[in-house]
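In the text below, chain A, chain B and the rest are named by the order of the sequence lines, each starting its count at 1.
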There are 2 protein chains.
Amino acid sequence: MQAIGAVAKRTGLKVPTIRFYEQEGLIDAPGRTDSGRRLYADADVRRLSFIRHARTLGFELDDIRSLLDLTDHPERSCADADRIARVHLAEIEQRLVQLSALKTELTRIVKSCAGGKAAQCRVIEALADHVHCEADHAPVKPVKRATQSRRAPPAKRRRS
Amino acid sequence: MQAIGAVAKRTGLKVPTIRFYEQEGLIDAPGRTDSGRRLYADADVRRLSFIRHARTLGFELDDIRSLLDLTDHPERSCADADRIARVHLAEIEQRLVQLSALKTELTRIVKSCAGGKAAQCRVIEALADHVHCEADHAPVKPVKRATQSRRAPPAKRRRS
DNA sequence: GCTACATGCTCTAGTCACTAGAGGATCAAG
DNA sequence: CTTGATCCTCTAGTGACTAGAGCATGTAGC
């Protein structure tokens, strides 16, 4: 039995995230100490690791819910799990194609900048005229973020 | 001068999105008819198209704000625009690498499913044991969604 | 002029998967 | 006994919209 902080360290999740998953019903409410602190068993840790790994792979919580449902009922067919994974893979592949197209256009745009004033800026011009690109970059699906991106803190709004 | 619906059609944006951009200060509040309907000039349409294109390329609204600021001040150096585009390009490239890794692992996982019961399901097993993958897929940055993904409507929550 | 129906308006709340912070209680070590 | 880490609950914020309520206005055909 371990406290939430220890579980966070073992799973790589953050403490509030674990509480959030409990609130979302992805894990059962764990037992508590007399003073009300959560106590987790190894099975809970495994379940949380499962969730974490699936999130790292970009699965949505709803998908993970279904996947967890299957692990709870091992006698069921795994067709659902397979379907979920295949759909997700297809989405990733589509997204890769779109991102490649984006990269191509953005590379072209960036290369064209020779410095100077904004009035002659090719970057801005290219952004303004969609005409220049051959409609090769379609609007793109939102992508489920994965766990723990510990990069730039949210930039404060700057106004002109 | 055109109504918001016509502008939506010309730019490919949705009507509420245009109002949202106005609220966010990305475009000036347009003139109104006597009855209070918005009326847009061609310059507004160009500005909205600029925003749309930049969003399609995955720029965040804050970046777009800076870019628009430059178009409003053509005498300034375009270094900012160049920097923003380069940073964004780097992010896209990083994301591509990560997505490729994800695709690799997910492909491996999906291929291993031979049907049958969940108890033996390789998909679920692979999801449970991060050990199987060589930590080749790092957690991934959230990705700015692009405009107008007209795919699956928000699935209603299903609980087991 | 009348009737539909489309289009417009404002305002509020919901989405997703967390994250941040307030304000307080409890725990372990020295 | 004090200090500092950890824990608790609760609320609100993030980004970029989207959905819906409830109402006003515009337009086309009769």
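Comparing B:A3 and A:P16, the nucleotide of DNA chain C nearest to each residue sits closer to the 5' end for B:A3.
Taking 4.0 Å as the cut-off between side-chain N and carboxylate O, A:R47 and A:D44 do not count as a salt-bridged pair. The pair B:D63-B:R83 does not count as a salt bridge, with every side-chain nitrogen at least 4.0 angstrom from each carboxylate oxygen. Note on A:R55 versus A:E60: no salt bridge recorded, every NZ/NE/NH1/NH2 to OD/OE distance being 4.0 Å or above. Ion pairing between a basic and an acidic side chain is recognised when a charged N comes within 4.0 Å of a carboxylate O; B:R86 and B:D82 show such pairing.
Using a 4.5 Å cut-off on side-chain heavy atoms (C-beta onward), A:I109 and B:L57 make contact. Side chains of A:E105 and B:H53 form a contact here, defined as non-hydrogen atoms less than 4.5 Å apart. In this structure the side chain of A:R37 never reaches within 4.5 angstrom of the side chain of A:R32, judged on heavy atoms. The shortest distance between side-chain heavy atoms of B:R108 and B:K111 does not fall below 4.5 Å. In this structure the side chain of B:F50 never reaches within 4.5 angstrom of the side chain of B:T11, judged on heavy atoms.
Note: CZ (A:F20) to P (D:dC8) measures 17 Å, nearest angstrom. With rounding to whole Å, A:R55 atom CZ is found 9 Å from C:dC18 atom C1'. One interatomic measurement links the two molecules: CD of A:Q2 to C1' of D:dC7, which rounds to 16 Å at whole-angstrom precision. Here the P atom of nucleotide D:dT11 and the CZ atom of A:R19 are 15 Å apart, to the nearest Å. Between the P atom of C:dC18 and the NZ atom of A:K14 lies a distance of 10 Å, rounded to the nearest Å. At whole-Å resolution of the value, CZ in B:F59 and P in D:dC17 are 14 Å apart. Across the protein-nucleic acid pair, A:I18 atom CD1 and D:dT6 atom C1' stand 13 Å apart, rounded to whole Å. The interatomic distance linking B:E22 (CD) with D:dC17 (C1') rounds to 15 Å, in whole Å.
Of the candidate nucleotides D:dT18, D:dC7, C:dA17, D:dC7 has the atom lying nearest to any side-chain atom of A:I4.
Of the residues in residues 27-46 of chain A, those lying under 4.0 Å from DNA chain D by heavy-atom distance are A:R32, A:G36, A:R37, A:R38.
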Considering only nitrogen or oxygen atoms on both sides, find all protein atoms under 3.5 Å from nucleotides 28-30 of chain C and state each distance.
none

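Contact annotation: A:Y21 does not reach the phosphate of C:dA17 (side-chain N/O to OP1 or OP2, under 4.0 Å).
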